[in-house]
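Everything numeric here is computed off the predicted structure, so don't read it as measured data.
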Amino acid sequence: HEAAHLLIGYALGLPVQAYEASAEAAEVRFAGEGLSALQGGTSGPMSFDDATPLLVVAMAGMLGEYLKYGDSDGGRADLQQMQQVL
């Protein structure tokens, strides 16, 4: 799940700030402006062009988990983050 976020974010040109995938925590943090809404911060309205890569990264985790395991239990937080962006 987190690997899919990392891979797709990197492919979209988002600079990776931090990555952790362990039993205690799972998180990918990207550096740059406009990412606060996706990473739990607050943000103002976003343009479609700014929001699109963030939404793709959020969906990538769920899709990666589904493709590997046939289910995506870890996608609730991703859906909440996408709602914040929208």
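Cluster membership check: Ile8 shares its hydrophobic cluster with Val16, using side-chain heavy-atom separations under 4.5 Å among Ile, Leu, Val, Met, Phe, Trp and Tyr.
Side-chain contact check for Tyr19 versus Glu27: every heavy-atom pair is 4.5 Å or farther apart. Inter-residue side-chain proximity for Val28 and Gln17 is flagged as unmet; no heavy-atom pair is nearer than 4.5 Å.
Judged by distance alone, with hydrogens and angles left aside, the side-chain atoms of His5 form a donor-acceptor pair with the main-chain N or O of Val57 at under 3.5 Å. Listed for the Glu65 side chain is a donor-acceptor partner under 3.5 Å among the backbone atoms of Asp73.
Taken from CD in Glu20 to CD in Glu2, the straight-line distance is 9.5 Å, to the nearest 0.5 Å. Here the straight-line distance linking atom CZ of Phe30 with atom CG of Leu6 works out to 6.0 Å at 0.5 Å rounding. Taking CG of Leu54 as the start and CG of Leu14 as the end, the distance is 6.5 Å to the nearest 0.5 Å. Here CG of Asp78 is found 11.0 Å from CG of Leu55. Values are rounded to the nearest 0.5 Å. Atoms CE and OG, from Met59 and Ser72 in turn, are 12.0 Å apart once rounded to the nearest 0.5 Å. In this structure, CE in Met62 is found 12.0 Å from CG in Leu67, a value given to the nearest 0.5 Å.
Of all heavy-atom pairs spanning Gly64 and Ala4, the tightest one is CA-CB, 4.1 Å.
The number of heavy-atom neighbours closer than 6.0 Å to OH of Tyr66, taken from other residues, nucleotides and ligands shown, is 12 or below.
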